[in-house]
Each structure stands twice: as structure tokens, then as C-alpha cells.
Amino acid sequence: MSTEDRPPAPRSLAEALRARGDASLGALLRSRPDLITPVPTDLTQLATRAGTRASVVRALERLDRFALQTAEALAVAADPAAYGELLGLMAGDDADPAVVAALPHALDLLREQALVWGDDDRLRLVRTARELLAPSPQHPSPTGLGPTVQGATAGMSPGRIQEIVTAAGLASTHDSVSAVTALAGLFTDRARMAALLADAPADSLDVLERLVWGPPYGQVTADPAPRLRWLLDRGLLLPTAPGTVVLPREVALHLRRGLAHRAPEPVPPVVETAAVHRPQVVDSAAAGQAYTALATVEELLKDWDEGGPAVLRAGGLSVRDLKRTAVALDVPEPVAAFWVELAYAAGLIASDGEADERYAATPAYDEWLELPAAERWSRLVTAWLAATRTAGPVGGRDAKDRTLSALGPGLDRSAAPEVRHRVLALLAGLPEGAAPAAGSVLARLRWERPLRGDRREDDPRGRLAEWALSEAELLGVTGRGALSAQGRALLGAPAAPAPGPEAEPSGPGDKLPVHHHHRPAQLTALSPAEQAVASAAAARLLAPLLPEPLDHVLLQADLTAVAPGPLQRPLAEMLGVLADVESKGGATVYRFTPGSVRRALDAGQAASDLHAFLAEHSRTPVPQPLAYLIDDVARRHGHLRVGAASAYVRCDDDAVLSEILADKRAAGLGLRRLAPTVLAAQADPAGLLEGLRALGFAPAAESAEGDVLITRALAHRTPPRTAPEPVPDGPPVPDDTLLAAALRAIRAGDLASTTPRKPGTAPAANGELPRTGAAETLATMQAAVLTGEALWIGYVNAEGAASQRVVAPIRVEDGFVTAYDHTADEVRTYPLHRITGVAELADDAG
């Protein structure tokens, strides 16, 4: 393209955006959705918003390490900078080929993000980004570079500057500006600088070596040592404040061989493989853990079935309740907190809202229980993927030094869904059965988002990634550390890559092609509809790997029953009432005790029912000791009757009542004889029942009519509750419909604000609305109907919002104008009284 045909270079970011196509603008708005919240009126406003501090900080935080290093290099380059200067700062004098190959992609990314604009011969970093990244005494640059010679000598006396120029071997000049320019020219001339430093004392070079990679500032006394005096005399160190000196940027770059960064990182760290397993082993291990996850959630909710722990006044579980829950689930407290938070995120538990507020299962839990096991698992992992609440901080302290409680406030981490998805996507990029080294996953994430990750004392994304890896294993998304087939389906990921040089380097020196590394293909987050499809696919893959529920147990002579696998729900529920769980694992062991048998009798079962139940579901004959235990407890069950006086106890055998009265342990019940077969008590009926059972008796409660009360545990449920909404990490990414509408509105507003007007027809200027009288407005509109010309109008809608529009009037009648609105690309009708003014467009407006 000839110089005459080349489009003029943009003079501002707004002009650079104006030259973009819709696809490029759409990519910008997708990557920085805060720019269209709300939709800007035109491209000038879009450029202004893209340069605001909050938006630029957010955009910088989402850059990968090499793109950020490129922006940092531009911040210490000239403004504007040529591409060659930037390349020298990034690749150095040796022109690292990896950097040379990757830099165009990084620059394209910065342009796409509207952080850099201009052609390659005039690259400009947006002003706010330069202010954030350029070095200053208060905010050192990540490059470790100091100010330029011009900046460091800004307050220096002209005489001192001339002394430095002369000591450096340069001719004195007539003014300070030319002297500083000559000194900077010396420092940027490789050959002359090498000659100057060749005469430097060795200990002076040691001083430069300590400052070269930053921080560039040092302390000196009023009488500097000779090694420092030699550097100060020649301007290789310049004073910035009393007792403080700085290494000028040009000197540091010479010593660094032109590099702005000690270690440019154009290639992301490879996710290393720690172990490789057969895919079938991974899937089986993950399925086993998925089954354990379902059993753990069911056990948690069963433990809270009649009303769970109380809700703290500040919200959440108390430390004591979390410990009790951990003991009940037989897991460490952090793991118990994870299961509690997962059930809450899935909408299975919530607070009941009563005066004495407690946590309990929701009605959704009963619906969840009726689903097939694989679907129950997919519901849990889908909720986990999207949840912003995290269990990891439980037990820690918030900014106000308050303890963070499970189910309490302060546990939302808006970046959690993105980090979980990215961690699993990195695992999906490995060959099937490959388990990653956790450290390499964290290193990769730090490369992809370095601003947050480089703060080693505060690495929130690193912690989120560590939690994601452990939680994925607990849920069965991974097995033995490798992503399972069902986990891959959950992400909507394609089949795993086959092992080979493209998938995993064979040695430390092998690298993938740079273009793969700099802009790695990433699995994007799925829409809700896509996630539902992916979750269903994952459930289908998991279903055949889960064990089939059994309809039998093995009864043993030591009053135990062994369940060799998961039991069908009715059998498991009944056995859970009739016996106590003694141990868990691949096989669950239940133990029958007098108390457990009495519990079944209290629930309305007769001895004959229990005998029939055991005979039906045991693969072995019912042992005689178990049959005797049931009969013995049943024979004594209900022999004593407890009712309300405060409470009373009656028995046909007065000798039994006499025995109770004579027992010193019954003193606390406040018993006294009312009749030979009736005792009254000061304790309430429930307390009296427990007290008599503690004495070794087996009383039964009775109703006012004298019938035995059947005490079935009634499940306590909350009113219908919705699962907690995730806390978004900034504005949502716009969908295609919103994006198309926003682009059209921005283009339309830009057309209205930039279309040329005829001189003298629009007194308003600088983007203000045109102002004309009602008669002139009507006459101009009617004339435009006849000529078919377009007009520029100012319009104020019913809400009082003003805008500029380019319209082609079609009809004017009854106080309304019907026109084709170029800004909206449709025919609209406007009340004439809301049009503030009208102006004709210039003849060459097209």
C-alpha cells in the first residue's frame, strides 16, 4: 500500500476504535464487559470509559504474564514508541527468538483490550495504564527500572549538570536541556558506554551490579565513598533527594543488555505430569469417590433431619457444631465444612426461619433423594462448579478480625468458579489418565494471571486452585489426581489428546510452538443450557460405574450385620433404625443393641415385623442371639407406661414400682406413689422416659386414652428455599443479542456525534444538542420530507435523557414526525415537542 493510500494514523484511542470493525469491537466488549455497563452513547465515551482507572486496573489484572510484561515495557519506553524500541526492551540485544516470535501476539492482545493503540511506528499505552505501570519513587516499576536521565535531573542546578557532562567526557553546552540530551545520548550509545565503564573502578561496578535489576534507589552519606563519588561525578548515579541516589534508566538498560525484564516469559509453564494411570482405573476411582460423596451428603442431611444446628446470631455454624458434624461424618473439620457448604450451594439445606432459627433440609432435598444416583451427583458437581462460596476460609479471619464460620457471611470468592473451571480445563489438556503436579498447575495459573498471583503473601487464586484440586478429588470429578471421563464431559471438553510431543514435552528443553503457548486454547465457561447438557452427559458416563444397591445383608452371630455394598433405600432406612452403624468403608457393619431394637419398637414395629424383616433381607439365617434380643426387648417394651401429670408412670406390677422408688438414682425424677400401680413425677414425660431407661427399664409413652404412642421421627423441613446466588466477578460477559444491540447503539450514537453539519445551521457545538425554534424545526422537517435528506436532531425522551440522532423524515403530521432513524436502523415516530432542535448535514456527510 502506498503512503497516499494508507489510512491516516489515529490521533486518539477514540479514533483507533472508530477504525475497528464490529468483530474487533465485539471482542473488546466481551473481554471488558464493564465497558458496556451501561452502554456508552458513542465511541468517544467508550474510549473515555476504557481509560478510567477502575477499568484499566481490571483489564491489567486479566492479562497473562507476557502481555503484562509487554505493557510494563511500553510504560518505560518513549511515548509514542516504535515497535523496534519495544522489541529491544523485550528481547534485548541478543534478540531472544521466543520473545521475537511471541511479541506480535502480545501486542495484538493489548490492542484488542484497548490498552495500546496506534500503528507500529507510534505505539501508545493508554495514559492510565502508563501512570499505573511507569516507575516512580512511591510505586516502583515491576521492571526494576528507575527514572530517565531527564526525569532524575529535573531539579538539578545547571552548573551541576555541566560538571557531570564534563566529567563524563562530553563537551559542555550552553544550556541544561542540551546537556541532559547529550548525557542521555551517551548512556544509550553501547560503544561509548562500554568505553566509559571500562575505566570504572571494580568496586564502582559492584555498586551498579547491585542496583541494575532494582530497586534502583540507594542511600549515600554526605561524604560519599570514592566508589560512589566516581559514579556520581559521571551521572551514572543521580541524586533524587538528600541522601538518596538512583540509577538512571538508560544506564540500567545498557547494563541489562537492553532488557526491561530480567526474565521475559513468552511461553507459559507446561503443566507437568506427576503420574499416569490407566483411564479405567481413574474412572473407577472417581466413581468410588462420587458414591462416597453422595453417601456423605445423605448422612449429613440425615443427621440434621429433625432440625440441625442453631444459626449463630451473626450467621453460620458455631465451632462446636462444626466439630460435632465432623465427628458424625468421620472426616476432618475442613472437609466437613466443604460438605456443609456444598449442600447449601446445591439448595439442599437452609435456615428454617423460625424464632429459634436452625439449619434443616429443604424440600428440594426430598426431590433430590428420589433421583438416580448419577443425577444426584451431577446436581452436586454442577452446583460446585458455579458456587462462589468456598469452604477453604472457614476458621480463618476476615478483614475485621472476625472468625469465618461455615454457612456464615464472608465466604464468597467471586473468582472461584473461574479458577475451578480453569484448573479442570488444564487437567483436560493432559492425556487421559495423567495426573498433574500440583505445583505446575499453580505456576501456570500464576503465569495466566500474574498481578494477583505474584503477591506471594496474598495469593488468593493460588489458594482457590489448591482447594479446587482437593475438592474435585472429594467429589469424584478426578480420580487419583487425573480428570475422569465424567469430569471431562462435565466441562464439555473434547477427547483427551493422545500422548506425544504436542501434548507434553519429552524433556526440559522441549517446547511447544510459541503460538500455542502464548494464546493457549481455553475451554470457555458453558451457558446454563450448555451446562445442563454437559451435566447430563457426565451422569450417563458415571451411571454404569456406580455400584448397584443391594437388597440383602449378612447377619452374624455377634449381633452384627454386614452390608457388602450400598443398600436399597428402604432397607438402609429400616436398618438404620433397627441397628447402629459400627464401621463404614467398602462394607458397612451394623450392630444390634437393646437400645437400637427399642428404637425400632418405639417407631411402631412389632417383634414379629422385625423377625420377618430380617428373615427377608438376610442371606444367612437369623442368628439365635439376635432373635432372643428382639424377643427380650419386646417382652419388656411398654411394661411401664408414662403419661402427663407433670408426668406419671404406671405398671400392673407394683413390685416394679417399689423397685424404682427404692433406687437412689431415681431421686432426681421426684417420684411419689399415688396408688399401688401409679407413680407421679416432677419430671416431664420425655425426661421421665429417659430417666427410667437410664435405670435399665424399658418404658413406653402412652396417650391420654392409654394407648402406646408410636414415636416416629418426623423429618423437619424448611419452607421452600432457593440456592444462594453466586456473587459475580464483575459485570457478566454479554451474550450475542446484547452485544449486537450495544454495537448498533454505539455506532449509531457515534454517527450522530460525528456527522458533519452545514455551517451556520447548528449554533450548538462540541457535541451539544442543536437548538432551534418550534417553527424552524417544523419547516426544516417538512422540507426534508420533500427532498429526502437526512437531518441531525436533538431529542429528549420521556425520562429526560438527551441524545443526538441522524434521521430521514418520512411524514410530519399531528405533532409527530415519522422518520427513518439511522442511529437505530429502523423507522420511528417522535413527538415534535421533544425535539430540541434540528440541523442539516453537510453535503459530503456520506
Side-chain angles (χ1 to χ4, degrees), residues 269-296 372-378 380-382 384-385 420-444 465-508 510 512 516 520-523 534-550 564-566 584-587:
V270 173
V271 178
E272 299 171 357
T273 300
V276 178
H277 311 283
R278 288 190 301 111
Q280 295 84 351
V281 172
V282 170
D283 294 346
S284 297
Q289 193 55 48
Y291 169 73
T292 302
L294 295 178
T296 304
E375 291 186 28
R376 280 185 279 137
W377 175 82
S378 72
L380 289 181
V381 294
T382 302
W384 170 72
L385 271 178
R420 290 189 196 110
H421 191 278
R422 185 62 191 134
V423 167
L424 296 182
L426 290 175
L427 269 60
L430 297 176
E432 281 188 285
S440 69
V441 173
L442 299 182
R444 176 60 169 263
E466 291 173 350
W467 298 334
L469 286 169
S470 62
E471 291 166 2
E473 192 73 11
L474 284 173
L475 283 168
V477 176
T478 59
R480 300 197 177 186
L483 190 65
S484 63
Q486 53 268 26
R488 196 177 299 276
L490 188 71
L491 294 176
E502 286 286 329
E504 191 72 32
S506 58
D510 295 338
L512 295 182
H516 285 309
Q522 297 188 8
L523 293 170
S535 299
R540 287 194 297 272
L541 288 174
L542 177 65
L545 301 176
L546 294 176
E548 286 291 332
L550 304 176
K584 302 172 185 175

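Predicted model, so just to flag it, every value in this text is computed and none were measured.
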> Do Pro431 and Val276 make a side-chain contact, defined as non-hydrogen atoms from C-beta onward lying under 4.5 Å apart?
no
> For a side chain to side chain contact (heavy atoms under 4.5 Å, CB included) check, start with the C-alpha distance between Leu427 and Leu469, then their side-chain angles and the critical distance, and finish with the verdict.
CA-CA 10 Å; Leu427 269 60; Leu469 286 169; 4.3 Å; yes
> So which atom in Arg480 and which in His277 form the shortest heavy-atom distance, rounded to 0.1 Å?
O-NE2, 3.6 Å
> Report yes if some heavy atom in the side chain of Leu380 is under 4.5 Å from a heavy atom in the side chain of Arg376; otherwise report no.
no
> Is there side-chain contact between Leu474 and Thr296, with at least one heavy-atom pair below 4.5 Å?
no
> Which atom names give the shortest non-hydrogen contact between Ala374 and Ala539, and what distance separates them?
CB-O, 3.3 Å
> Give the intermediate values and the outcome of side chain to side chain contact (heavy atoms under 4.5 Å, CB included) for residues Leu490 and Thr382.
CA-CA 8 Å; Leu490 188 71; Thr382 302; 4.2 Å; yes
> Could you check whether any side-chain N or O of Trp467 sits under 3.5 Å from a backbone N or O of Arg420, counting only pairs where one atom can act as donor and the other as acceptor?
no
> Looking at every heavy atom in both Ala489 and Ala534, which two are closest together, and how far apart are they?
O-CB, 3.3 Å
> For Ala373 versus Leu294, what's the shortest heavy-atom pair and its separation?
O-CD1, 3.3 Å
> Would you give the length of the straight line joining atom CD of Glu471 to atom CD of Glu466, rounded to the nearest 0.5 angstrom?
11.5 Å
> What are the two closest non-hydrogen atoms of Ala287 and Gln486, and how far apart are they?
N-NE2, 3.9 Å
> Would you sort out whether Leu430 and Leu483 count as a side chain to side chain contact (heavy atoms under 4.5 Å, CB included), showing the intermediate values?
CA-CA 9 Å; Leu430 297 176; Leu483 190 65; over 6 Å; no
> Quick check against the 3.5 Å criterion: does Ser484 have a side-chain atom that pairs as donor or acceptor with the backbone of Val282?
no
> State the OG-CD distance between Ser284 and Gln289, to the nearest 0.5 angstrom.
13.0 Å
> Judged by atom type as modelled, is there a donor-acceptor pair below 3.5 Å linking the side chain of Glu473 to the main-chain atoms of Gly481?
yes
> Measure across Ala538 and Trp377 and return the closest heavy-atom pair with its distance rounded to 0.1 Å.
CB-CZ3, 4.0 Å
> Please test Asp283 against Leu541 for side chain to side chain contact (heavy atoms under 4.5 Å, CB included), starting from the C-alpha separation and ending with a verdict.
CA-CA 9 Å; Asp283 294 346; Leu541 288 174; over 6 Å; no
